[in-house]
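A quick write-up on the structure given underneath.
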Amino acid sequence: MALEKVYEPQQFEPHWAKWWVEEGLFVASTDGSKPPFSLVVPPPNVTGALHMGHMYEIAQIDITMRWRRMQGYNVLWLPGTDHASIATEMLVARQLRDQGIEPRDIGREKFLEHAWAWKEKYGGTIVNQFKRIGASCDWTRERFTMDAGLSRAVREAFVRLYEKGLIYRGEYLINWCPGCGTAVSDLEVVYSEQQGHLWHIRYPVTGSDEHVVVATTRPETMLGDTAIAVNPKDERYRHLWNKTVTLPLVGRQLVVIRDELADPEFGTGVVKVTPAHDPNDFEAGKRHDLEFITVMDEQARMNEKAGEFAGLDRFEARKQIVKRLNDQGLIEKIEDYTNNIGSCQRCKSIVEPRVSTQWFIRTKPLAEPSIKAVETGEIEIIPDQRRRNYFEWMRNIRDWCISRQLWWGHRIPAWYCADCGEVIVTREDPASCGKCGGEKIEQDQDVLDTWFSSGLWPFSTMGWPDETEDLKLFYPTSLLNTGFDILFFWVARMIMLGIEMAGDVPFRQVYIHGLVRDADKQKMSKTKGNVIDPIEMTDKYGTDAVRFALVVAAGQGSDVVLSEERIAGGRTFANKIWNAARFIFLSLEKSGADPWSPEDPDGFVPEAATGNGRPSLEDRWMFSRLNEVAGLVNSHIEKYRYHEAANLLYHFFWHEFCDWYVELKKLSFREDSGLTPEWKNMLAAMERALRLLHPVMPFITEELWQRLTTGATGRPRSIALSTYPSEDPTLTDKEAERQVELLREIIAALRNLRAEMGIPPKTQLEGICYGHRAEVAEVVTEQAAAVSRLANVKLTAQSGAAPQGKAMHHGKDFDLQLELPAEETKTLRERLAKQLKPLEKARDSSQRQLGNEQFLSKAPPHVVASIRKKLADYESQIKRIRETLSSLQ
RNA sequence: GGGCGGUUAGCUCAGUUGGUUAGAGCGCCUGCCUUACAAGCAGGAGGCCACUGGUUCGAGUCCAGUACCGCCCACCA
């Protein structure tokens, strides 16, 4: 029964983590008897390590879910399972190569076998890690597998879009990653500035001695030039119109086209046109019907079209070409130049524009209703500012390239007939060509972009395209809680596909949280080496501590700055809770009573104290506060102000429950008293406080709650299944709150006096409190024991003002007089003078305001009245302090 | 180039709808091993709320501009 002196979360956290999942505490019942609350959870990145960002996300999500569950909702998590195709493919390929196996040699089937084995092993590890950091959902309840349920949904979605003409196959210049060997979407390309050069190259004008100078940052692509362009408004080059120039090193004749592509202000105003290797040139090439010459292969090596440079890597080719040009005197000059280089998000290789045939989704028709859904508030994006980014992106959306040249992923459900060339897109694998009946058909080798299947997540996981009970009850889901980084990748696509496929928005609210940064505000990343490992921190400080530190540190939508000190701070809070409980249990044992909790914890009101008609002041106060705090916490979590909820709970528990309630309660502890009403009140208060804290500190509250409620009949199996306290305004006890406030003021003033006068804590003093209100004397008399214990002063009460020169402290409602062992007038004078300053400042400002006609006529009456009241208080205090000061002369 | 955010105590950050002595954690100073907790207790110091103007009876809070920091998107041969 007895608790250890120091809180050791390792002893119970793993137990509860396992238990919650095994008991299925957070699996929806789907019986429809309770309001549904479903939540889409971002996929853990199975290919990477668990990081603080995950932990932060899980903490917020878990708080929401526990809170909703305790409020009686029928909750459902839709935990994502990462299946990032490129990342998985890369990792598996790397693993195979480490074993000396070249993926290309073993073929698709074998490769996928390896991938599955790896996925199972590694994925399981990640899922276990998620459990350890406190995620209460069952991550093993996978509603998704690559080859089962989702596969069907993916195919259904693809076919529907195809049949509606929203998916097409076409030849375009796409972003090609030579490292991954696949096409990537615009979003998967990250740009960074790099130092490079701008080469000015002379292209001889055919049939004259003249040459034109073109500037390029990529000389190696010149082998694919099929034109040069000048701006039609650029008079300098009018004479070139209709002429041709000779492409150096190759000898091809290039027409001179007139096109806006050439900016007269940039470089020489003449630009080479390489339609197969540059997006702008590609467009120009289509406008002018130019030839598209691809000079590189899929590994970005120069191909046979590159003539003598064939086989060279693109960067080596650049060097060689520049050298050859230089030898021929065709380099006019070389400038230093900073350009933006696009790299692959995954493998960091420099992306190469490449002409190829790919599958695309026509996004404009999908974007329109998606924009509308957010505009009309059908989907709420929180915080609000993020809406702008969303609109901006959606309105300028470009078609989405969804095919990937990988093995790991959902295969595109398209077949090609070798006989007639027919393209067959169907739900079932076809046996023959529907057009010519030929049996030589072959499925497209490509797989889908991982975000295509991810975009179906909110409904595919619920059994779509079947009309399941889950879908009826839980779709649209209530909330998506995620980071800004995948707003476009994932959120936007879920919205587009949700509206199109499932006929309704995928979620009602999107809460976007900030990033987790280190103490130097740097984004945590492995390459920077500033990663705080959540598992390590969890081992060291406990899951509750890490979660609390994360949640309390960030305002709505802003970043979290995390340091180990903060996490240590979370642990001190847990330790505080632990020790408060420990003390209660120890004292209870001394009282000879067993742990007890009320049958109806929510209906419990404090019982009258022994030998008294009403509950003690501290009990009335505590239950009033518990009630108010419940109201505030509920409102904070509702509005995603997690940090405010956490902060409030921290202060309430530490500085009200422990510092004052427990301290005051100590006075009523008696050995072998048995289970007195005072004890019942305290145990019920503790029980309620634990429930309030539970979403934020799940493990420690579960452990303590289980101990506290042992033996209670009819209690739920877990605190997570109990109810969350809510506010009942009729239970607020303003009188008790006011009186405890007064008591705290008096004790604080006495402690302050003692400290500043340098009186040792053990010296007991006698004192008189002169109350200006009847209530003061009442409180002082009734709480004399409390004052004695908490300030070590035997205080008696008198009414009215203190006799001239007797008081040493002047409060708003009372004066205090202390019997000091020695004369301390100097210290006392300094003390009083110090107090005078801010009071005078406040009085002046109040006077200024009340002297202002405008203020009196325009400010609301209650504000004017409150200033008047304050001014009177200030003046009264100042007057009394002055009197005492002058008598101390 | 377009857009968004930030600037409050030594550090990291809160501060709901404008309401008057601006808060917390950590750090710092003083005193305490007080029959839960030294991961603790009591007390204390420390702020022209970036700058300039405006709106208002009243501005950390609303508006405009300036400076610095950060992020996102787009483009640049």
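Values below: every heavy atom of this structure, side chains too, minus hydrogens, waters and symmetry copies. Numbered from 1 within each chain, the chains take letters A, B, ... in sequence-line order.
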Handout entry: Within 45° cone of Phe391(A) ring axis and under 6.0 Å: Arg388(A) NZ or CZ
Key = no
Exercise for the section: Could you check Tyr191(A) against Ile341(A) for side-chain contact (heavy atoms from CB on, under 4.5 Å), going step by step and ending with a plain yes or no? Expected result: CA-CA 5 Å; Tyr191(A) 290 91; Ile341(A) 306 281; over 6 Å; no
Using distance only, find each side-chain donor-acceptor pair of residues 631-638 of chain A under 3.5 Å and give its atom names and separation, not counting sequence neighbours.
from, atom 1, to, atom 2, distance (Å)
Asn634(A), OD1, Trp67(A), NE1, 2.8
Asn634(A), ND2, Ala630(A), O, 3.0
Asn634(A), ND2, Pro725(A), O, 3.1
His636(A), ND1, Leu632(A), O, 3.3

Practice task
Examine C4(B): is either OP1 or OP2 under 4.0 Å from a nitrogen or oxygen in the side chain of Arg388(A)? Give yes or no.
Solution key: yes
Between protein and nucleic acid, restricted to nucleotides 70-74 of chain B and to nitrogen or oxygen atoms under 3.5 Å apart, what atom pairs and distances do you find?
none

Problem - Sequence-distant partners of Arg398(A), side-chain contact (heavy atoms from CB on, under 4.5 Å), two or more places apart - result: Asp186(A)
Exercise for the section: Return the set of residues passing side-chain hydrogen bond (donor to acceptor under 3.5 Å, both in side chains) with Ser591(A) (not counting sequence neighbours), or none when no residue passes. Expected result: Trp679(A)
Completion exercise
Here the residues of residues 216-226 of chain A within 4.0 Å heavy-atom distance, strictly under, of RNA chain B are Thr216(A), Thr217(A)
Practice task
Report which part of the nucleic acid Glu265(A) touches: base, sugar-phosphate, or nothing (heavy-atom distance under 4.0 Å, all strands).
Solution key: nothing
Problem - Lys576(A) side-chain N/O to C37(B) phosphate OP1/OP2 under 4.0 Å - result: no
Handout entry: Whole-Å C1' distance, C13(B) and G53(B)
Key = 29 Å
Exercise for the section: Provide, to the nearest angstrom, the distance between the CD atom belonging to Gln385(A) and the P atom belonging to C4(B). Expected result: 10 Å
Exercise for the section: Identify, with sequence neighbours excluded, every residue that meets side-chain contact (heavy atoms from CB on, under 4.5 Å) alongside Pro861(A). Expected result: none
Exercise for the section: Give a yes/no on whether any side-chain N or O of Trp654(A) is located under 4.0 angstrom from OP1 or OP2 of C41(B). Expected result: yes
Completion exercise
Under a 4.0 Å heavy-atom criterion, the protein footprint on nucleotides 18-33 of chain B, written with B, S and -, is -BBB--SS--------
Problem - All side-chain hydrogen bond (donor to acceptor under 3.5 Å, both in side chains) counterparts of Ser673(A), not counting sequence neighbours - result: none
Exercise for the section: Check whether NZ of the Lys or CZ of the Arg Lys576(A) lies under 6.0 Å from the centre of the six-membered ring of Phe657(A) and within 45 degrees of that ring's axis. Expected result: no
Practice task
List for me each residue that meets side-chain contact (heavy atoms from CB on, under 4.5 Å) alongside Tyr541(A), sequence neighbours excluded, and say none if there are none.
Solution key: Met537(A), Ala545(A), Glu564(A), Ile567(A), Ala568(A), Arg571(A)
Practice task
Tell me, please, which residues at least two apart from Asp281(A) pass side-chain hydrogen bond (donor to acceptor under 3.5 Å, both in side chains).
Solution key: none
Handout entry: Glu188(A) versus Ser185(A), side-chain donor and acceptor atoms under 3.5 Å
Key = yes
Completion exercise
Pairing string of RNA chain B (Watson-Crick or G-U wobble, both atom distances under 3.5 Å; | = paired to other strand) is (((((((..((((.....[...)))).(((((.......))))).....(((((..]....))))))))))))....
Name each donor-acceptor pair under 3.5 Å that joins a side chain in residues 743-752 of chain A to protein atoms two or more places apart or in another chain, with its distance.
from, atom 1, to, atom 2, distance (Å)
Arg751(A), NE, Leu790(A), O, 3.0
Arg751(A), NH2, Leu790(A), O, 3.3
Asn752(A), OD1, Arg831(A), NH1, 2.2

Exercise for the section: Using a cut-off of 6.0 Å, state whether more than 12 heavy atoms not belonging to Lys841(A) lie near its atom NZ. Expected result: no
